[in-house]
Protein chains: 2
Amino acid sequence: MWLHRARVTRGNGRAGNPLVAKLMQFAPLSDGDVVVLEEMCRREERFQPGTNIVVEGETPRAAFVITRGLAHRYRLMPDGRRQILTILIPGDFCDLHGFLLKAMDHSVATSGPTRIAAIDRETVMKLVLNHPRIGAALWWSAMQEQAMLRERIVALGRRSARGRLAYFLCELVWRQRAVGMAEDHAIRLPFTQTDLADTLGLTSVHTNRVLQGFRRDELITLERQRLILRDIERLQAISGLTPDYLKLSSTPSEVLRYFDDLERDRAPPSLPEDP
Amino acid sequence: MWLHRARVTRGNGRAGNPLVAKLMQFAPLSDGDVVVLEEMCRREERFQPGTNIVVEGETPRAAFVITRGLAHRYRLMPDGRRQILTILIPGDFCDLHGFLLKAMDHSVATSGPTRIAAIDRETVMKLVLNHPRIGAALWWSAMQEQAMLRERIVALGRRSARGRLAYFLCELVWRQRAVGMAEDHAIRLPFTQTDLADTLGLTSVHTNRVLQGFRRDELITLERQRLILRDIERLQAISGLTPDYLKLSSTPSEVLRYFDDLERDRAPPSLPEDP
DNA sequence: CGAGGAATTGAGTAGGTTCAAGGCCGGTGG
DNA sequence: CCACCGGCCTTGAACCTACTCAATTCCTCG
């Protein structure tokens with residue numbers, strides 16, 4: 001386990017598996033669990049920037065994991081305007097249950113060169129059934145995802161443009177740090193200002209001005225798709241965020257028990273799962 | 001089963017169990033399932049308007065079901081402003097999994113005289129383990145809830161005040177119709193204009209003006225906490241909503257199979273669960 | 001009848017949008 | 001190598017939606 005932790009935090013993410021890194025935050029995984037996850041991510045596929053992975057209205061055939069790069073869920077309005085719903089970073093397990101839906105209510109596209117591993121339904125079921133710890137971690141990460149959706153509602157409903165931007169940038173950096181994809185407070189951000197605007201519910205023009213304000217105030221640097229947070233203190237103050245927001249990431253001993261219980265009920269004389 | 005359907009749709013909701021009505025949309029429930037659900041809702045508790053059910057920062061002890069009235073999740077900003085995240089109507093099963101969290105990131109309060117049945121952790125687990133169909137329906141309704149969160153993000157990010165209001169009112173009426181709590185296009189709406197504003201991400205003053213605009217245009221009636229949609233066509237046009245939005249509510253045969261499979265794996269020679 | 005919360009109205013302001021034009025690349029073809 | 005092209009970023013100016021502040025009226029309830 002320590003070995004994996006080490007691999008995850010070393011380097012700029014090229015090394016560790018972000019999915020493993022993410023799930024380890026939530027539940028202690030056995031070596032067997034880790035191997036399965038890594039194996040699952042092996043069959044990754046490359047996508048050009050701006051490629052649609054899932055399209056609104058279509059029937060999703062499989063779940064998928066982002067292994068590298070960046071993607072986003074979005075919705076197009078009848079008049080052509082766009083709202084980006086969430087950003088997907090490496091380690092995000094998408095549409096875990098969604099593959100049973102008959103039609104997507106939104107699309108997913110890559111926002112830079114991105115690698116994605118598709119996980120078919122069969123595999124997902126086996127994964128959850130045979131690896132309760134992974135199930136627990138996935139459940140937990142679904143909770144976190146929901147929390148992020150709520151946070152977004154608060155941001156769009158009650159924060160100023162500056163607040164939204166500050167919040168968004170902080171969140172993105174934190175998330176990437178959490179899966180070992182960022183040293184310091186810098187990340188790669190393959191987003192145009194229009195993308196940013198569509199995320200924040202603003203105009204690209206106004207986003208531009210706010211962005212410049214941030215640069216002038218030396219809060220951030222953003223050039224050539226490289227974002228650096230220069231003054232996190234002040235950024236947090238602007239975003240008005242509760243500092244312990246993602247505190248979900250503590251050890252949920254109760255949750256583990258819950259899932260272990262499920263497992264016990266499920267396969268009475270269950271075989272040992274770890275080698 | 002037909003009997004229950006009948007009870008649900010008759011009258012103004014005082015008759016059928018809204019939870020049953022809601023879950024029946026998603027999965028066919030056995031009579032045994034229905035009995036269990038009804039029994040579970042029997043131990044309901046009454047709350048005055050504006051009572052906090054769950055408070056941000058606290059550790060949730062149980063899940064709960066709204067059996068009558070209305071409630072809402074909300075978040076307070078450091079400066080005292082409020083954002084209402086979602087509205088909870090009868091039949092909503094809240095924090096189904098949340099009871100494992102160590103701290104809520106938002107609060108829940110009633111918005112009128114409301115009745116709520118608390119469901120302790122023990123019961124939830126048994127419910128899901130012994131009644132796969134209920135599990136399936138709950139899972140499905142969680143999907144729907146997520147879809148509503150996304151819809152909200154789109155609304156706050158990309159719709160005008162009129163659009164938001166129109167959308168919100170339509171959604172609320174539809175949801176209540178779906179659980180048999182509304183005849184026609186009228187519902188009880190125990191919301192102050194400030195509540196509305198905090199839901200829509202607006203000011204109460206501006207909400208007031210938009211509301212008056214709607215009345216002037218004979219789109220709605222709203223007095224003494226009674227809301228009537230007078231021109232749904234036009235309201236939908238204003239809200240710019242995709243008409244088939246909640247189309248989730250079709251029969252998910254695949255989902256049923258999925259859960260039935262889970263059940264089969266779980267308890268090989270399982271006892272009959274229904275009397 | 002008085003009190004307090006909610007709804008309503010007005011006037012001034014601000015944050016963000018719209019429209020439009022120009023500048024800065026990075027890529028492509030001659 | 002240069003010229004051209006298409007995104008993207010940047011800037012200005014006018015405009016408008018929604019906010020702020022403040023006062024008045026309306027309701028409901030004790």
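Just so we're on the same page: letters track the sequence lines, and every chain starts at 1.
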Is the shortest distance from a Lys or Arg side-chain nitrogen in B:Arg61 or B:Asp95 to a carboxylate oxygen in the other one below 4.0 Å?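 The answer is no: the pair does not qualify as a salt bridge.
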
In terms of the nearest nucleotide of DNA chain C, which residue is placed more toward the 5' end: A:Arg224 or A:Arg164?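 Looking at DNA chain C, the more 5' nearest nucleotide goes with A:Arg164.
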
5' priority, DNA chain C, between B:Gln193 and A:Arg81 [closest heavy atom]: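 So the residue in question is B:Gln193.
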
Would you indicate what [X] reaches in the nucleic acid, counting non-hydrogen atoms under 4.0 angstrom: base, sugar-phosphate, or nothing?
| X | answer |
| --- | --- |
| A:Leu202 | sugar-phosphate |
| A:Ser160 | sugar-phosphate |
| A:Thr192 | sugar-phosphate |
| B:Arg215 | sugar-phosphate |

Side chain of [X] - closest among [options]:
| X | options | value |
| --- | --- | --- |
| B:His206 | D:dC19, D:dT10, C:dG26 | D:dC19 |
| A:Val205 | C:dA20, D:dA22, D:dC9 | C:dA20 |
| A:Gln212 | D:dT10, C:dG16, D:dC9 | D:dT10 |

Any pair with a residue in residues 200-211 of chain B that passes salt bridge (charged side-chain N to carboxylate O under 4.0 Å, His left out), sequence neighbours left out, goes on the list, sorted by first then second residue, please.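 Every candidate salt bridge (charged side-chain N to carboxylate O under 4.0 Å, His left out) pair involving residues 200-211 of chain B fails, so no pair, neighbours aside, qualifies.
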
For residues [X] and [Y], is any side-chain donor paired with an opposing acceptor at under 3.5 Å?
| X | Y | result |
| --- | --- | --- |
| A:His106 | A:Arg75 | no |
| B:Thr207 | B:Gln193 | no |
| B:Thr86 | B:Arg152 | no |

How long is the line joining [atom1] of [X] and [atom2] of [N], in whole Å?
| X | N | atom1 | atom2 | answer |
| --- | --- | --- | --- | --- |
| A:Gln48 | C:dG27 | CD | P | 13 Å |
| A:Glu223 | C:dG26 | CD | C1' | 16 Å |
| B:Leu196 | C:dA6 | CG | P | 13 Å |
| B:Asp198 | D:dC19 | CG | C1' | 14 Å |
| A:Leu189 | D:dC8 | CG | P | 14 Å |
| A:Leu165 | C:dG16 | CG | C1' | 14 Å |
| B:Asp79 | D:dT20 | CG | C1' | 14 Å |
| A:Arg162 | C:dG16 | CZ | P | 10 Å |

Under 3.5 Å donor-acceptor pair, B:Arg209 side-chain atoms to C:dG10 base atoms: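 It does, because a donor-acceptor pair links the side chain of B:Arg209 to the base of C:dG10 below 3.5 Å.
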
Taking only residues two or more places apart in sequence, or in another chain, which ones meet A:Thr192 in a side chain to side chain contact (heavy atoms under 4.5 Å, CB included)?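 If we apply the side chain to side chain contact (heavy atoms under 4.5 Å, CB included) test to A:Thr192, skipping adjacent residues, the hits are A:Thr194, A:Asp195.
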
Within 45° cone of B:Tyr167 ring axis and under 6.0 Å: B:Arg159 NZ or CZ: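 Judged by the rule, B:Arg159 and B:Tyr167 form a cation-pi pair.
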
Any idea which heavy atoms bring B:Leu156 and B:Arg164 closest together, and the distance?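 What the structure gives for the nearest pair is O-NH2, 3.3 Å.
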
Watson-Crick and G-U pairing of DNA chain C, under 3.5 Å, as dot-bracket with | and [ ]: |||||||||||||||||||||..|||||||

Does a side-chain N or O of A:Asn208 approach OP1 or OP2 of D:dC9 to a distance below 4.0 Å, or not?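 Answer no for this pair, as no side-chain N or O of A:Asn208 is under 4.0 Å from OP1 or OP2.
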
